[in-house]
Amino acid sequence: MTTLNYAVLGMNHKTAPVALREKFSLSAQAIPDFLRRLMSHNGLAESVVLSTCNRFELYTALKPGASFDGVLEGTLGSENLPEEHFYRCQDREAVSHLFRVTASLDSLVLGENQIAGQVKQAYQLAQEQKTIGPYLNRLFPRALHVAKRIKTETEVGKRQVSVGSVAVQLAKKIFGDLSKKSVVLLGAGKVGELVWQHLAPHCDANRVTVINRSRDRAARMVADQAVRIADFKDLDEILLTTDILMTSLSTTLTDHDAAWFAKLMQKRGNEPLLLIDLGMPRNLLPGVGKLPDVYLYNVDDLQTVAAQNQNLRQSEIQRAQGIISEETELFFTRREQAIVLPTIAGLNRKFEEIRCRELKKSLAKLGHLSASDCDAIDRLTQSIVNKALHDPILMLRTDKESREGQFLSSFKRMFRLGEDEDEYQ
Amino acid sequence: MEYFLILSPLVLYFLATLLYLTRLLVNRPVLGFVGLRLVVLGAGLQIAQFAHRAWVLGQLPLLEFFDFFRLAALLLAVIFVGLCVFKKYYATAPLFVVSIDILYLFSLTYQNSFPLTGHNSGGAYLFIHIGSLFLTMVAFWVVLITAILYLVAENKIHKKEFSGWMAKLPSLSELESLNDTMTTLAFILLTLVIVTGAGYAKITQGHYLTMDFKQWGAVVVWGYFACMTNFRQRLGLFGHRGAVWALCGSVAMGVVFAAGF
């Protein structure tokens, strides 16, 4: 029986610049034709192409002795492949790579959900084009299962690790949906601008107000006509209806102390207020954050949370890696076990035939036996055969050495079991 | 056999509680996954038992205190499962499952019947009174749970802690909204409880308002929640202050309710 090798040839955002990735990028419409041309190469038994904006990968089941040499060049009609931007891996490494990609551990944005859908789509396209067989048909559903398992059992990608995304996470923890919340950006500093870029997609521009000395700078920062630009003198009035205040001034607002905010909260009916102080020196006095329903976070606080999340994310990545190693091992064990399944089936079939034949002969001579006696003998012979075959079958299933080619062919010869059909021969 | 049937949902709820409490310590989502299914199974078993009693044996629920607490546990389980399925409030599980256990355990303690028939029945008043009282208790229980969760979540945000259980709690705004809804519902139901209780007292004791502590206590708590629901804006009962008010009110209601026994 011919054993094929899993292999991957590809490049991604880590190995190749966007200019090169663009050249290899294939649309869903172009992939069927690419697959057909690819399959004209003798060495490839099965193929799946995964083409996204960040990666181009070719997953194949390679025939023994075959390699990727010249495959892409021939298919794409180009002369030289920029080898330094491509990676190749085989067998365990290839399987593990696909598991990592599908689980989004290899993505630009760790833990994003899109990639699993793209892998599924690539698999379906290959199925439609009939460029896959038993090998990749076993691998891809398993990869999707592993991705699902990692998503359920770990928190990869759920931790925010930048100051801006932590600010968004914090705002969501307090207000839930941010689209109905009013936001005030006080000052248009660099850090403020960075954090605002994270916050902006979650907010309604009509509910955003920017207060800055330079109106032009404020307008540049938000770059949205719907955003209101106000003067500093309006701040106190605006704060009565504000949910999130983000400050990035270069001075401390000493007149807006805890007592001032306490009065403000009273006027607001104690509606929660999130204060994100990104200024240096700190724009708001620390006592303000001790008031009930006032949540004050400065840059250090956000950075501390981001650092904690980074540590937690690392431990989650390790857990995810553990799952991938476990699943890769399991995948190959099952694959090896699958090799002996036809032999086990043949062995069972042969012994069952012998049992039935001999039983029939014996029962023909024992005509005086009742039906229940015949049943008892039938069960007895079944039991003898099952017990006699138990140990060899168990050995074939569990013992790694006994699944190797030489032993397996000797075993088949010993019991005169026919050779299995091999669709790749 | 009867005890086995009565105790089997409790065993399932207990197992779910154990899993959810372990989930607080160990980051294994599968524990929560199994825990939720155990609660669903427990609730399903309870529904099957009540249905069997109603259709096969012809006994209506709420005839005994025994039923009263078991039904409350069931309703709380249904609310919890609903919140998990529709709102993904999985992190609220520890408080909900512990509450379900407590209510179910109460059901094993009080087994005396309500006098729904005979000269002391008070006509339809007692039946409506008990029915609305049961719903009020569940509503106040949810108010208590959401108020506690709000204060815990708020405390964690102030302390800048975003990992573990906290990371999965609903937002403060969502907790407050659920708390408001349940407070309003509990207040309306409490009004019905007081009115029907007074009607029952008139029939059985000759006066609408007696010197019974639970009757006076219920009126005082009603006044407290009337202030809270009607003057929320004027008193600024939002956020932290609103949660503290809801917590105190539901605890007071619990004391008044316990006095009834």
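Heavy atoms only: backbone and side chains are in, while hydrogens, waters and symmetry mates are out. Every chain is numbered from 1 and lettered A, B, ... according to where its sequence line falls, protein lines coming before strand lines.
Annotation: the span from A:Leu274 atom CG to B:Leu172 atom CG amounts to 10.5 Å, rounded to 0.5 Å.
Between B:Ile157 and A:Leu170 the shortest heavy-atom distance is CG2-CD1, 3.8 Å.
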Side-chain donor-acceptor pairs under 3.5 Å in residues 9-18 of chain B, sequence neighbours left out?
residue: B:Tyr13; atom: OH; partner: B:Ala43; partner atom: N; Å: 3.2
residue: B:Tyr13; atom: OH; partner: B:Gln46; partner atom: OE1; Å: 2.7
residue: B:Thr17; atom: OG1; partner: B:Tyr13; partner atom: O; Å: 2.7
residue: B:Thr17; atom: OG1; partner: B:Asp101; partner atom: OD2; Å: 2.4

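Residue contact with chain B, scored on non-hydrogen atoms closer than 4.5 Å, is absent for A:Val166. Of the atoms belonging to A:Leu312, it is side-chain heavy atoms, and not backbone ones, that fall under 4.5 Å from chain B. In this structure, no portion of A:Leu273 lies under 4.5 Å from any heavy atom of chain B.
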Between chain B and chain A, which N or O donor and acceptor atoms come closer than 3.5 Å?
residue: B:Asn27; atom: O; partner: A:Arg319; partner atom: NH1; Å: 3.4
residue: B:Glu154; atom: OE2; partner: A:Tyr295; partner atom: OH; Å: 3.4
residue: B:Ile157; atom: O; partner: A:Tyr297; partner atom: OH; Å: 2.4
residue: B:Lys160; atom: NZ; partner: A:Leu296; partner atom: O; Å: 3.4
residue: B:Ala167; atom: O; partner: A:Lys173; partner atom: NZ; Å: 3.4
residue: B:Lys168; atom: NZ; partner: A:Glu155; partner atom: OE2; Å: 2.5
residue: B:Leu169; atom: O; partner: A:Lys173; partner atom: NZ; Å: 2.6
residue: B:Ser171; atom: OG; partner: A:Gly176; partner atom: N; Å: 3.4
residue: B:Leu172; atom: N; partner: A:Lys173; partner atom: O; Å: 2.9
residue: B:Leu172; atom: N; partner: A:Ile174; partner atom: O; Å: 3.4
residue: B:Ser173; atom: N; partner: A:Ile174; partner atom: O; Å: 2.9
residue: B:Gly236; atom: O; partner: A:Asn270; partner atom: ND2; Å: 2.8
residue: B:His240; atom: N; partner: A:Asp293; partner atom: OD1; Å: 2.6
residue: B:His240; atom: N; partner: A:Asp293; partner atom: OD2; Å: 3.4

